Each structure stands twice: as structure tokens, then as C-alpha cells.
Amino acid sequence: METEKVSKKRKKPLILILLGLFLIGIVATFYMYFTRPSGEEIVNQFEAAVNQGDINTLEKLVKGNKEMKLTKKNLEQLISYAKDEPSYLKESVFIMKAQAAIEEKDKDAKLQNPIFKMATEGEILQAGDYYISKEDGLFSSYQIYARPYSLTVSSDQADTVIKVNGDESLTTKEGNLETTIQNLPPGTYTVTGSKKYEYAEINSKEEINLFEDDTFSESVSLELTGEQLAIESDVEDISIFINGKDIGKKATVKEDSIFGGNDEDAELFGPFSTDGSIKVHGEAKFPWGIAKSEPQTIKEDMTSVDVTPKPFADKTNKDQVVQTINDFAKQRIQALVKKDAKIIKTASDNIVKEYAEDI
């Protein structure tokens with residue numbers, strides 16, 4: 001009988017302890033519930049953190065969704081953009097406080113917020129690069145989220161390597177010249193395109209801010225055609241050489257030359273690099289040898305290059321021309337005396353033929 005009494009006495013303190021812990025848990029839960037920050041207080045903390053450049057606080061206050069990774073760099077860009085655009089933070093705060101007022105059904109807050117005069121509640125809940133919402137749960141609290149953007153990048157050329165913030169997104173092909181990147185946090189993005197040509201590598205770069213867009217989508221188009229130029233000459237049959245290599249093409253005859261060219265029909269070449277690595281010259285075969293133009297370095301803003309050879313540019317060519325003329329004069333006299341045009345070796349076939357007909 002004494003043992004049973006002792007056992008009952010031990011059970012009572014244990015029950016009292018458990019009951020006390022349960023009551024403490026309830027009190028603590030209610031304390032946390034009633035002392036949690038309101039939506040307006042969370043928004044005020046966000047505003048202060050942006051103004052003060054407090055990245056650590058922003059990392060606690062702002063989240064991304066499951067598909068979007070919000071980085072420290074994105075928050076740094078938010079702070080930078082808010083400094084450059086003073087009205088941006090003010091508008092963002094008005095929007096989030098309006099969203100909190102809708103969640104709390106706070107009529108007074110709605111009357112004090114001018115946004116309710118310009119938009120419906122549905123529009124307000126879908127507005128802003130950053131929005132505030134209650135998390136699910138019995139004792140749910142407020143959380144600020146970054147709204148995801150989409151960015152469409154296109155190029156005017158196939159075989160363009162497109163990168164966004166240094167990460168390769170697409171190598172374009174015929175019929176596939178664009179790509180769309182989803183779930184980007186609000187921020188500043190560097191979009192680059194690069195295409196390799198035979199004589200150049202053309203690069204294009206665009207900086208784009210994904211902030212303050214009602215559609216939360218942006219697009220950027222990169223031009224990588226490159227500048228082309230005409231290669232011209234005053235005379236016919238001038239071979240084009242690029243960096244010392246014959247490309248198998250002839251220079252276009254200038255419109256104002258004696259041969260009556262047409263600049264509108266000039267073939268365009270390139271694009272060319274303008275870093276000083278590309279040199280162009282022309283060559284022509286004459287009876288006395290090969291004449292060359294001075295190599296010209298391709299530079300920015302060039303629209304054409306004159307590759308007309310200068311036959312008398314150096315003493316060797318001058319001597320060859322004089323010798324050829326003297327030889328032709330002798331051969332011409334001999335041909336007329338002997339009545340044999342084949343003696344002429346220093347003239348073109350057309351000239352030899354004319355002398356043959358005269359003889």
C-alpha cells in the first residue's frame with residue numbers, strides 16, 4: 001500500500017511539469033505571433049537597407065522563387081539603381097505597402113496610399129520588381145520576393161556566340177537567331193555577341209537594366225554584320241591581295257576612270273578588322289613586269305581602298321619601262337622592214353594583230 005502512494009505522488013509532479021511546458025509553449029507562440037513585424041514594418045526595413053546599402057539585411061528580407069537564384073550581386077545592383085533613380089525606391093515602397101494593406105484588409109492604409117487611386121487591387125498585387133506577401137501557415141509572416149524577368153536576345157547573323165553576363169546562352173544558326181532566358185532577378189545584365197569572319201572578329205555589347213518594366217520582359221538585338229568596303233582601281237585587271245595573299249578577285253574600276261566604271265556596281269569586301277592587322281594592295285602584270293600598289297592598312301570609317309599600282313614608283317620599274325619601250329621601238333621597225341609582225345615580243349596580242357593586218 002505504501003508503494004502505491006509513492007508512485008502516485010511521483011506522477012503528479014511530472015504531469016505538472018508537462019502542463020507547465022505546454023503553457024509556456026503556448027505563451028511563447030502567441031508572443032511570437034503578436035510581436036512579429038507587420039507588412040509595413042518589413043517594407044520599412046527594406047527601404048532603410050537599400051538607402052544604407054545594407055546587403056546583409058536585404059539578403060534576409062528578399063527571396064527569389066524556386067526557379068530564380070537571387071544573388072548578392074543582384075542586391076548590389078538594386079542599391080546602385082535606386083541611387084541613380086531616386087523615384088524608383090519610393091514607388092517600390094508605395095507598391096509593397098499597398099500590397100500589405102490588401103493582405104491585412106487595412107482600410108486606413110488604403111486611404112493613405114495614392115496608388116489605390118490609380119490601380120485596382122489585382123493590378124497592385126501584380127506590380128513592382130519586388131513584392132510582399134504572407135507565407136503559408138498558421139502563424140505566417142511577411143516575406144519580400146523578387147519578381148522574375150525574361151530576356152530575349154537575338155542576332156542578325158548566324159554563327160554568333162551570345163553570352164549573358166559571361167555565360168554562353170546560344171550559338172545562332174540559320175532559322176534560329178534568338179533565345180529567351182527566363183527567371184532572371186531584377187538587375188543589370190551585360191549581353192555580348194561575337195562572330196568570326198575571314199578577316200575579322202566582330203563583337204557587339206549591350207548593357208540592359210531589368211528594372212521598372214510592367215511586362216517584366218525585355219529584348220535586345222545585336223548587330224554583327226560588320227562594315228564592308230569597296231576595293232577600287234583606276235585601271236582594269238588589278239588583282240586584290242589581302243595580307244600578301246591573292247584572293248582571286250579583281251578591283252572594281254572607278255566610275256571616273258577612263259575605263260568608265262560604275263561605283264554603284266562596286267563589289268564590297270569584308271568585314272575587316274580595324275586593329276591594324278589587315279593590309280590591302282593591288283597587283284597588275286605589265287610587259288615589263290609586275291607593278292604593285294602601296295599596302296594600305298584598314299582603319300575605322302574607311303568606305304573604299306584604292307589599289308591602283310604605280311608603275312613608276314621605283315627606279316627598277318622605271319628602268320624596265322624604258323627598256324620595254326626601247327625594245328618595242330626596235331622590234332616594230334624590224335617587223336615593218338621584214339614584214340613579219342611576230343618579231344614584236346613586247347606588246348599585247350591585240351597590238352601584234354594590228355601590225356600584222358597593216359603589214
Side-chain angles (χ1 to χ4, degrees), residues 68 73-74 77 80-81 84-85 129 148-232 240-243 245 247-252 254-255 262-281 295-307:
M68 178 177 65
K73 187 174 182 180
N74 297 134
Q77 290 167 347
S80 177
Y81 188 81
D84 294 337
E85 302 291 338
D129 292 332
Y149 271 80
S150 67
L151 176 62
T152 299
V153 186
S154 62
S155 167
D156 61 346
Q157 294 291 313
D159 302 318
T160 298
V161 178
I162 294 176
K163 294 182 180 180
V164 178
N165 281 358
D167 295 326
E168 186 171 332
S169 300
L170 174 72
T171 298
T172 61
K173 298 178 181 178
E174 291 294 342
N176 183 23
L177 297 178
E178 71 174 34
T179 182
T180 298
I181 305 161
Q182 305 284 357
N183 295 304
L184 292 173
T188 302
Y189 293 85
T190 302
V191 181
T192 60
S194 172
K195 177 177 170 63
K196 290 184 178 180
Y197 292 89
E198 185 175 4
Y199 302 112
E201 181 173 330
I202 303 299
N203 297 292
S204 181
K205 180 180 177 181
E206 295 283 348
E207 294 282 347
I208 186 164
N209 286 319
L210 297 186
F211 289 107
E212 295 190 272
D213 191 298
D214 293 338
T215 64
F216 304 105
S217 63
E218 277 287 356
S219 62
V220 58
S221 180
L222 303 173
E223 293 185 6
L224 289 115
T225 304
E227 294 297 327
Q228 295 181 304
L229 51 81
I231 300 178
E232 300 175 311
I240 299 171
F241 284 72
I242 297 178
N243 286 347
K245 181 181 178 181
I247 66 170
K249 296 275 189 175
K250 301 293 184 182
T252 301
K254 289 183 182 179
E255 183 179 10
N262 188 344
D263 286 347
E264 293 181 358
D265 297 331
E267 182 178 357
L268 297 178
F269 295 86
F272 295 108
S273 172
T274 57
D275 60 2
S277 62
I278 305 296
K279 296 183 184 296
V280 180
H281 79 273
Q296 295 190 57
T297 301
I298 302 299
K299 299 177 182 178
E300 288 186 13
D301 302 324
M302 274 188 169
T303 57
S304 65
V305 178
D306 189 334
V307 294

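None of these values were measured; they are calculated from a predicted model. As a basis for the values below, the full set of heavy atoms in this structure was taken, side chains included, without hydrogen atoms, waters or symmetry mates.
For Ser169 against Thr179, the heavy-atom pair with the smallest separation is CB-CG2, 4.3 Å. Closest non-hydrogen pair, Thr180 versus Gln182, comes out as CG2-NE2, 3.6 Å. Listed here is the closest heavy atom pair of Gln296 and Val305: NE2-CG1, 3.5 Å. The two atoms that bring Ala266 and Glu232 nearest to each other are CB-OE2, 4.4 Å, heavy atoms only. Residues Ile162 and Ser154 share a closest heavy-atom pair of CD1-C, 4.4 Å. The two residues Glu267 and Lys249 have their closest heavy-atom pair at OE2-NZ, 3.3 Å.
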Sequence neighbours left out, cut at 3.5 Å: what donor-acceptor pairs do the side chains of residues 185-194 make with other protein atoms?
residue, atom, partner, partner atom, Å
Thr188, OG1, Asn209, OD1, 2.7
Tyr189, OH, Pro185, O, 2.7
Thr190, OG1, Glu207, OE1, 3.1
Thr190, OG1, Glu207, OE2, 2.8
Ser194, OG, Glu201, OE2, 3.0
Ser194, OG, Asn203, OD1, 3.2

Which atom pairs, one a donor and one an acceptor, fall under 3.5 Å between side chains of residues 217-224 and the rest of the protein, sequence neighbours left out?
residue, atom, partner, partner atom, Å
Ser217, OG, Thr215, OG1, 3.1

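Between Gln228 and Thr225, the side chains place no donor N or O within less than 3.5 Å of an acceptor N or O (distance only, hydrogens not considered). A side-chain N or O of Lys279 and one of Thr297 form a donor-acceptor pair less than 3.5 Å apart.
Only one option out of Val164, Leu170, Asp167 pairs with Ile181 in a side-chain contact (heavy atoms from CB on, under 4.5 Å); it is Val164.
Atom CD of Glu168 sits in a crowded spot, with more than 12 heavy atoms from other residues, nucleotides or ligands closer than 6.0 Å. At most 12 heavy atoms of other shown residues, nucleotides or ligands fall within 6.0 angstrom of atom CG in Asp214. Surrounding NZ of Lys250 are more than 12 heavy atoms belonging to other residues, nucleotides or ligands, all under 6.0 Å away.
The distance from atom CD1 of Ile231 to atom CZ of Phe272, rounded to the nearest 0.5 Å, is 4.5 Å. Separation of atoms CG (Leu229) and CG (Asp301) is listed at 11.5 Å; rounding is to 0.5 Å. Within the model, atoms NZ of Lys299 and OG of Ser273 stand 13.5 Å from one another, a figure rounded to the nearest 0.5 Å. Atoms CG and CZ, from Asp129 and Phe216 in turn, are 6.0 Å apart once rounded to the nearest 0.5 Å. Here CD of Glu227 is found 10.0 Å from CG of Leu268. Values are rounded to the nearest 0.5 Å. Thr172 OG1 to Lys195 NZ: the interatomic distance, rounded to the nearest 0.5 Å, is 7.0 Å.
The side-chain heavy atoms of Glu212 and Tyr81, taken from C-beta on, include a pair separated by under 4.5 Å. Looking at heavy atoms from C-beta onward, Leu177 lies out of side-chain contact with Asp156 at the 4.5 angstrom threshold. By the 4.5 Å heavy-atom criterion applied to side chains, Lys254 and Asp306 are counted as neighbours. Two residues are said to be in side-chain contact when any heavy atoms from C-beta on lie closer than 4.5 Å; Ile242 and Lys245 fail this criterion.
Tyr149 places a side-chain N or O within donor-acceptor distance of the main-chain N or O of Asp213, the cut-off being under 3.5 Å.
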Item to check | Ile298 and Tyr199: CA distance, side-chain angles, deciding distance, side chain to side chain contact (heavy atoms under 4.5 Å, CB included) verdict | outcome: CA-CA 11 Å; Ile298 302 299; Tyr199 302 112; over 6 Å; no
